[in-house]
There are 2 protein chains.
Amino acid sequence: MARPDIPTRERIISAANALFYNDGIRGVSVDAVAEKAGVTKRTLYYHFRSKDDLVAAYLAGRDQPNLALFRKWFSEARGGLPAKVEAIFRNLARSARHPKWKGCGFLRTSAELANLPGHPAIRIGAAHKKKFEEWLRATFAEAGIAQAAQLSRQILLLLDGSFAVVLLHRDPSYMETAGEAASSLIGAAMAQRRSRR
Amino acid sequence: MARPDIPTRERIISAANALFYNDGIRGVSVDAVAEKAGVTKRTLYYHFRSKDDLVAAYLAGRDQPNLALFRKWFSEARGGLPAKVEAIFRNLARSARHPKWKGCGFLRTSAELANLPGHPAIRIGAAHKKKFEEWLRATFAEAGIAQAAQLSRQILLLLDGSFAVVLLHRDPSYMETAGEAASSLIGAAMAQRRSRR
DNA sequence: CTATGTATACTAACCAGTGAATATACACAA
DNA sequence: TTGTGTATATTCACTGGTTAGTATACATAG
């Protein structure tokens, strides 16, 4: 039964995504992932070397879709640069109101596996956040902002802070507060550029 | 052997603190905590109803010392309000350079137990962050800042964002970036107040 | 007939929580 | 002073369930 309609490996990753995101890494057994995917555990271990390998694949599968969503929210928003970045936070707040929302899978995994610094999943999470930061930086640089690198880091800090705080308090309004702070910082950076001319 | 020099309960909490902070909640067994505390597991279960109860006690024990440290860093710093808040971030960056540093125990626990919303440990974590936010708000309000509540939330977001990001990238310089953003936001809020006179 | 993929059945360790017994401190009565 | 009951504190040994990972065999495609 090689090469079924939806490849076995994809089905396993999809099951892992649902379970790991919802219940955390150590809260989900390999057996549970295999059962959800409709395969035996032995089949899962044919496609993945270990649970750690499966966890890495789970996060790798979230990398591009996540970044694409942020870019979509940004590009579809109207207004200037501050408003477009603020739109990301507003859309995130909307997502966070869904009952199944459980914060950022990358951050939660890195928090859970903090005692395993070289873990492949943590590397993937770090690379993901670096990509987002770099996209922000390039966007700011194109807009002629001098301190684009510093500003992109500040926005990233607000974004990841809002993931953590909203998860703790279950109050998405913090994301709107973060968006306003982001907008304010971007506005200040743009004003500084203008005044230097 | 009732009432030894250091009460058994305290020794258990101390052992739980070291292990849970380092390895996470589900990464540490009750047996491991008991062994580190030098008691049998049955003794541990005499003092704590369940592992969840022990986890809550672990976080409750970090509440006051953590807040006291932030207040100390703030009050010992020289300069104006922006500089004093920024000092918290700088001191945090210094802490984060120690190899045993593993982020914020409250946030990491809430991330790990995100699928158990009413968990007592999460309630304690939420209360801890609310206390910090309220202390900031009162400090800003005393300084005559109009939007003290909003500003304190923004600083909290930067603080918790830096916990998450520094844990992921293992790069404490993000904390200094967060401190600069905090300083900038506070400075802007103070200027707004001044211009309104 | 060989490489790819899947299943059954297993191992050895680990885990949260418990039953039953024991030891100690202290209040109070004789 | 001595005995005795009771609440507090601790230990040993155990249970039932779960866990990551594997040895072996079977199936299918090209």
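In this text, all values refer to a predicted model and were calculated from it rather than measured experimentally. Note on naming: letters A, B, ... go to the chains in the order of the sequence lines (proteins, then strands), and numbering restarts at 1 for each one.
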Using atom CG of L44(A) as one end and atom C1' of dA9(C) as the other, report the distance to the nearest whole Å. 17 Å
For dT6(C) and H47(A) - does any side-chain N or O of the residue sit under 4.0 Å from the phosphate oxygens OP1/OP2? yes
More 5' along DNA chain C: R9(A) or K41(A), using each one's nearest nucleotide? R9(A)
Rounded to whole angstrom units, what separation is found between the CZ atom of R42(A) and the C1' atom of dG5(C)? 11 Å
Any Lys/Arg nitrogen of E176(A) or R97(A) sitting under 4.0 Å from an Asp/Glu carboxylate oxygen of the other? yes
Do the charged groups of K131(B) and D63(B) touch, with an N to O distance under 4.0 Å? yes
Distance check: side-chain N/O of S29(A) vs OP1/OP2 of dT19(D), anything under 4.0 Å? yes
Quick one, F48(A) and R9(A) - any side-chain contact, counting heavy atoms below 4.5 Å? yes
Bend across the helix from dC1(C)-dG30(D) to dA30(C)-dT1(D), to 10°, with axes taken over 5 pairs at each end? 10°
For the side chain of Y45(B), starting at C-beta, report the closest nucleotide among dA16(C), dT22(D), dT10(D). dA16(C)
What is the separation between atom CD1 on I12(B) and atom C1' on dT11(D), rounded to the nearest whole Å? 13 Å
What's the closest nucleotide to the side chain of T43(A) if the choices are dT8(C), dT6(C), dG17(C)? dT6(C)
E10(B) CD to dA9(D) P: how many Å, rounded? 13 Å
Can you tell me how far C1' of dT24(C) sits from OH of Y46(B), to the nearest Å? 12 Å
Give the rounded distance in Å between these two atoms: CZ of R26(A) and P of dC15(C). 11 Å
Before accepting this row, confirm whether a basic side-chain N of the pair D171(A)/R153(B) lies closer than 4.0 Å to the acidic partner's carboxylate O. yes
How close or far is atom P of dT18(C) from atom NZ of K51(B), stated in whole angstroms? 15 Å
Between T8(B) and dT10(D), does any side-chain N or O lie under 4.0 Å from OP1 or OP2? yes
Please determine whether the number of non-hydrogen atoms from other residues, nucleotides or ligands lying under 6.0 Å from atom NZ of K72(B) exceeds 12. no
Please verify the inter-ring angle class for F74(A) with W135(A); under 30° counts as parallel, over 60° as perpendicular, anything in between as tilted. perpendicular
Assign V33(B) to base, sugar-phosphate, or nothing according to its heavy-atom contacts below 4.0 angstrom with the strands shown. nothing
Compare side-chain N and O positions of T40(B) against OP1 and OP2 of dT11(D) and report whether any pair is under 4.0 Å apart. yes
Between C1' on dC15(C) and CD on E35(B), what's the gap in Å once rounded to a whole number? 14 Å
Quick one: is the NZ or CZ of R108(A) closer than 6.0 Å to the six-membered ring centre of Y21(A), and within 45° of its axis? yes
